[in-house]
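Report on the following structure.
Heads up: numbering here begins at 1 and tracks the sequence. For ligands, and for the atoms within them, numbers begin at 1 and follow the listed sequence.
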Amino acid sequence: MFKKTLASTVGAVLLLGMTACGSSDDAGGAAGGSTSGGGDDAITMGFAQVGAESGWRTANTASIQASAEEAGVELQFSDAQQKQANQIQALRSYIQQQVDVIAFSPVVETGWDTVLQEAKRAGIPVILTDRSIDSPDDTLYATFLGSDFVAEGEKAGEWLVEDSAGADQVNVVELQGTTGAAPAIDRKEGFESAIAGADNIEVVASQTGDFTRSGGRQVMEAFLQSQPDIDVVYAHNDDMGLGAIEAIEAAGMVPGEDIKIITVDAVKDGMQALADGKISFIVECNPLLGDQLMELADQVVAGEEVPKRVVVEETTFTQEEAAAALPDRQY
Ligand code: AHR
């Protein structure tokens, strides 16, 4: 019933070539490999992950690997180290191996049409997880499971508008995610639309920190040099916000008091910093997509109809809410 699950020699060589340039991250051997979850008729899924750039990504990888194991899905996993070329190479390898279904979280929004047409010609359904693509052809994928990033940016902006009511000028510096990535584009757009009506709020500088802690720290250090008066940091994820905290403290200032910080994700480290008063507000982005992904894969491989878009439910956290939620936080 399912296509052959054995990797062809060429496919295996391609995958090995890709992973040989290896990752030194700690995402559980995420540079490549397979987890065997099931028997002879098990679904084989090729999953091309973005990388291991953040706590969110590590939790997302763990969720997918655990859910595959539990669902009896044989998972071929690769880590693109935040490079689109690596991800395209992984997708081609999965096509070569004739996996039953491909899932991936695109590093950036554009440039996928050619490789997805190759998957379509090979009859392999594709599921987008976490991040979507920008393509005029929505037949290139079966469904997209992930957050509403524009809404996340709006929630961050709405909180700031309320918090800044009655204040004079509020200068914001923005730490953007990876250039060209859906969450960076959409969180910027959502935030800008939410603050558009607030004359007292101005984004005075905006630069990418690539969703990493070191990137957030470096960019914040540069902002502290170039911007005379920063009131608020809006970071597109917790890791960059945590990097900004390091830079602010190294400059002799107090995060949360001298400069307020708003982030997105709500991973444990971010929630701890929120409960400690260093971050002022976090918009949740849920990385635990594994179970839903395996269910969708099952349906898609069986030829059943699935919704084209599955949006993940999310909330927001104040400092008090973070302190209450922390003991039960899974990631
Ligand atoms: O695509 C989800 C985003 O990617 C998360 O917010 C961020 O932490 C990750 O790197």
Side-chain angles (χ1 to χ4, degrees), residues 23 25-27 30 47-64 79-84 86-87 103-110 112 127-134 144-156 174-191 208-217 219 233-245 261-271 273-274 279 281-290 292-293 310-317 329-331:
S23 153
D25 58 62
D26 60 358
F47 189 93
Q49 182 59 289
V50 170
E53 72 282 7
S54 62
W56 188 99
R57 190 63 57 196
T58 304
N60 180 245
T61 291
S63 165
I64 288 159
D79 172 344
Q81 298 164 60
Q82 290 186 278
K83 292 192 175 63
Q84 183 176 33
N86 287 349
Q87 233 175 6
F104 81 115
S105 175
V107 176
V108 291
E109 272 192 341
T110 56
W112 301 102
I127 299 176
L128 303 177
T129 76
D130 163 35
R131 300 179 179 181
S132 189
I133 58 167
D134 182 2
F144 164 39
L145 163 68
S147 308
D148 182 338
F149 296 135
V150 175
E152 290 173 351
E154 284 169 356
K155 288 178 202 167
E174 181 180 33
L175 295 169
Q176 292 182 43
T178 304
T179 305
I185 294 166
D186 293 353
R187 287 173 187 165
K188 181 174 182 54
E189 182 193 318
F191 184 79
T208 180
D210 211 13
F211 280 131
T212 65
R213 201 175 289 208
S214 59
R217 180 179 174 131
V219 175
V233 175
Y234 167 45
H236 289 189
N237 78 345
D238 286 348
D239 282 78
M240 292 190 296
L242 293 164
I245 289 173
I261 301 171
I262 306 166
T263 67
V264 183
D265 274 356
V267 295
K268 254 192 187 150
D269 287 355
M271 292 284 273
L274 181 60
I279 293 178
F281 187 66
I282 299 185
V283 178
E284 185 183 43
C285 181
N286 187 353
L288 306 181
L289 307 180
Q292 276 175 290
L293 173 60
V310 181
V311 183
V312 180
E313 297 267 316
E314 283 152 358
T315 185
T316 59
F317 293 96
R329 202 72 184 154
Q330 284 179 55
Y331 54 90

Assess whether ring pair (Phe, Tyr, Trp, His ring centres under 6.0 Å) is satisfied between W112 and F104, documenting all intermediate values.
CA-CA 11 Å; W112 301 102; F104 81 115; 5.0 Å; yes
Non-hydrogen atoms closer than 4.0 Å to ligand 1: which protein residues do they belong to? List them by chain and number, please.
E53, S54, W56, R57, D130, R131, F149, P183, R187, F211, N237, D265
Mind checking ring pair (Phe, Tyr, Trp, His ring centres under 6.0 Å) for F149 and listing every partner two or more places apart, or none if nothing turns up?
none
Can you name the residues that form a ring pair (Phe, Tyr, Trp, His ring centres under 6.0 Å) with F281, not counting sequence neighbours?
W159
All salt bridge (Lys or Arg N to Asp or Glu O under 4.0 Å) counterparts of D130, not counting sequence neighbours:
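For D130, the residues satisfying salt bridge (Lys or Arg N to Asp or Glu O under 4.0 Å) (neighbours in sequence not counted) are R57.
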Is there a donor-acceptor contact under 3.5 Å linking the side chains of T263 and D238?
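Yes, D238 and T263 have a side-chain donor paired with an acceptor closer than 3.5 Å.
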Does any donor atom in the side chain of H236 or E152 lie under 3.5 Å from an acceptor atom in the other side chain?
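E152 and H236 do not have a side-chain donor-acceptor pair below 3.5 Å.
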